[in-house]
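Have a look at the structure below, then the notes.
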Amino acid sequence: MPAARESLLDAAHTALGRRPWSTVRMVDVAAAAGVSRQTLYNEFGSKDGLARALVRREADAYLAGVERALVSRSEPRERLAAAAEWTVSAARGSALVRAMLTGCWAERLPSPTLSAVPSSSAVPAQRRADGPLPSPGDFVGLVRDRAVASLAVPGASKSEASELARACELVVRLGVSCVLAPAGEGGTAGMVRDALTTVRSVS
């Protein structure tokens, strides 16, 4: 991603941490990033375009963290537990990630439409941001599919593959539930381990 675009997204993220999105001004974001307002508009087209790009970057960062978590341990059950823990941690650290995972957009956040919007941007990254943004249900599928790809065993039967997919989706949904209602004793990882004790495809 070009340095100017990244700096602008960083500036927008910082501004959002300090005040509601509705009061964030494009001129202030440009000044904080050390670029002209015209550069900001060239990159994002509008404040809504900036919001969509910011949400897209947070979504990408969350999914990249899921992939790191899925390779951070050796045991399949522990890898899924790590992915669920990352989900809770990412949502705790980013109001945008929490909103994307739960569909609960606080008034102080931008709330860009999830469906695609017309884009005439010459910036490939912005054209992607202007495409459809993931809904909470989309995130369940995206994370489940990454987990399945990470844990799939070559030569597994169709029933084993189906059981693995169900187990992975269960873990994703447990992680999201712990975002909304934090896990008690044993934490998110303990809840995942307990839920997977009877799943043969995850051992």
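Predicted, not measured: the structure shown is a model, and the values here were computed from it. Quick note: numbers below take in every heavy atom, side chains included, and nothing from hydrogens, waters or symmetry partners.
- Sequence neighbours left out, the pairs with a member in residues 166-181 that pass side chain to side chain donor-acceptor pair (under 3.5 Å) are Arg144-Glu169, Ser162-Arg166, Glu169-Arg173.
- Classification of Arg37 and Asp28 as a salt-bridged pair fails, no side-chain N sitting under 4.0 Å from a carboxylate O.
- Following chains of ILVMFWY side-chain contacts shorter than 4.5 Å, one can reach Trp105 starting from Val140, so the two form part of one hydrophobic cluster.
- The side chain to side chain donor-acceptor pair (under 3.5 Å) check on Ser74 picks up nothing, with sequence neighbours excluded.
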> When you look at Leu80 and Leu70, which way does the side-chain contact (heavy atoms from CB on, under 4.5 Å) test go after all the steps?
Replying inline: CA-CA 6 Å; Leu80 288 173; Leu70 286 168; 4.2 Å; yes
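- Using modelled atom types, one finds a donor on one side chain and an acceptor on the other under 3.5 Å when comparing Thr87 with Tyr62.
- The line from OG of Ser36 to CG of Asn42 is 7.0 Å long, rounded to the nearest 0.5 Å.
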> Hey, mind stepping through Phe44 and Leu9 against side-chain contact (heavy atoms from CB on, under 4.5 Å) and telling me if it holds?
Replying inline: CA-CA 10 Å; Phe44 303 103; Leu9 289 171; 3.9 Å; yes
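- Each salt bridge (charged side-chain N to carboxylate O under 4.0 Å, His left out) pair with one or both residues in residues 8-18, not counting sequence neighbours, appears once here: Asp10-Arg57.
- Placement of Leu164 and Val172 within a single hydrophobic cluster is found when ILVMFWY residues are connected by side-chain heavy-atom separations under 4.5 Å, directly or transitively.
- Contact annotation: the side chain of Trp21 never approaches that of Arg108 to less than 4.5 Å [non-hydrogen atoms, C-beta and beyond].
- Here the closest non-hydrogen pair linking Ala11 and Ala32 is CB-CB, 3.9 Å.
- Among pairs with a residue in residues 45-56, those fulfilling salt bridge (charged side-chain N to carboxylate O under 4.0 Å, His left out) read Arg52-Asp130, at least two apart in sequence or across chains.
- Connection of Val148 to Val192 is established within a shared hydrophobic cluster, with ILVMFWY side chains joined at heavy-atom distances below 4.5 Å, either directly or through further cluster members.
- Within the model, atoms CG of Leu174 and OG1 of Thr188 stand 9.0 Å from one another, a figure rounded to the nearest 0.5 Å.
- No donor-acceptor pair closer than 3.5 Å links the side chain of Arg68 to the backbone N or O of Leu63.
- Between the Glu58 side chain and the Ser94 main chain, no donor and acceptor come within less than 3.5 Å of each other.
- Annotation: salt bridge (charged side-chain N to carboxylate O under 4.0 Å, His left out) contacts involving residues 179-191, sequence neighbours excluded, are absent.
- Within a 6.0 Å radius of CZ in Arg19, other residues, nucleotides and ligands contribute more than 12 heavy atoms.
- When all heavy atoms are compared, the tightest approach of Met191 to Ala183 is CE-CB, 3.9 Å.
- Annotation: side chain of Val97 is not in contact with side chain of Phe139 (no heavy-atom distance under 4.5 Å).
- For the 3.5 Å distance criterion, the side chains of Arg79 and Ser150 qualify, holding a donor opposite an acceptor.
- A 4.5 Å side-chain heavy-atom check between Leu109 and Val55 finds every atom pair outside the cut-off.
- Here the side chains of Leu151 and Cys168 are in contact, with some heavy-atom distance below 4.5 Å.
- Residues Thr102 and Pro136 have side chains not in contact (no heavy-atom distance under 4.5 Å, counting atoms from C-beta outward).
- Nearest heavy atoms, Arg98 versus Ala91: CB-O, 3.7 Å.
- Considering CG of Leu180 and CG of Leu101, their distance stands at 9.0 Å, rounded to 0.5 Å.
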>> What verdict does the side-chain contact (heavy atoms from CB on, under 4.5 Å) test give for Asp60 and Arg128, after you've listed the backbone C-alpha separation in whole Å, the side-chain angles of each residue and the deciding distance to 0.1 Å?
In response: CA-CA 12 Å; Asp60 290 346; Arg128 179 168 178 266; 2.7 Å; yes
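- For Ser121 and Ser119, the side-chain atoms include no donor-acceptor pair closer than 3.5 Å.
- Annotation for Ala30 and Leu8: closest pair CA-CD2, 3.9 Å, computed over non-hydrogen atoms.
- Contact check for Pro110 versus Leu16: side-chain heavy atoms found under the 4.5 Å cut-off.
- A donor-acceptor pair under 3.5 Å links the side-chain atoms of Arg5 to the main chain of Glu43, judged by distance alone.
- Expressed to the nearest 0.5 Å, how far CG of Leu40 lies from CE of Met26 amounts to 3.5 Å.
- Side-chain contact between Leu142 and Val66 is absent, with no heavy atoms from C-beta onward closer than 4.5 Å.
- Thr23 places a side-chain N or O within donor-acceptor distance of the main-chain N or O of Pro20, the cut-off being under 3.5 Å.
- Taking CG of Leu96 as the start and NE2 of His13 as the end, the distance is 6.0 Å to the nearest 0.5 Å.
- Across every non-hydrogen atom of Leu133 and Pro112, the tightest pair is CD1-CG, 4.0 Å.
- Between Val35 and Ser7 the shortest side-chain heavy-atom distance does not fall below 4.5 Å.
- Listed by chain and number, the residues in a side chain to side chain donor-acceptor pair (under 3.5 Å) with Glu85 amount to none (sequence neighbours excluded).
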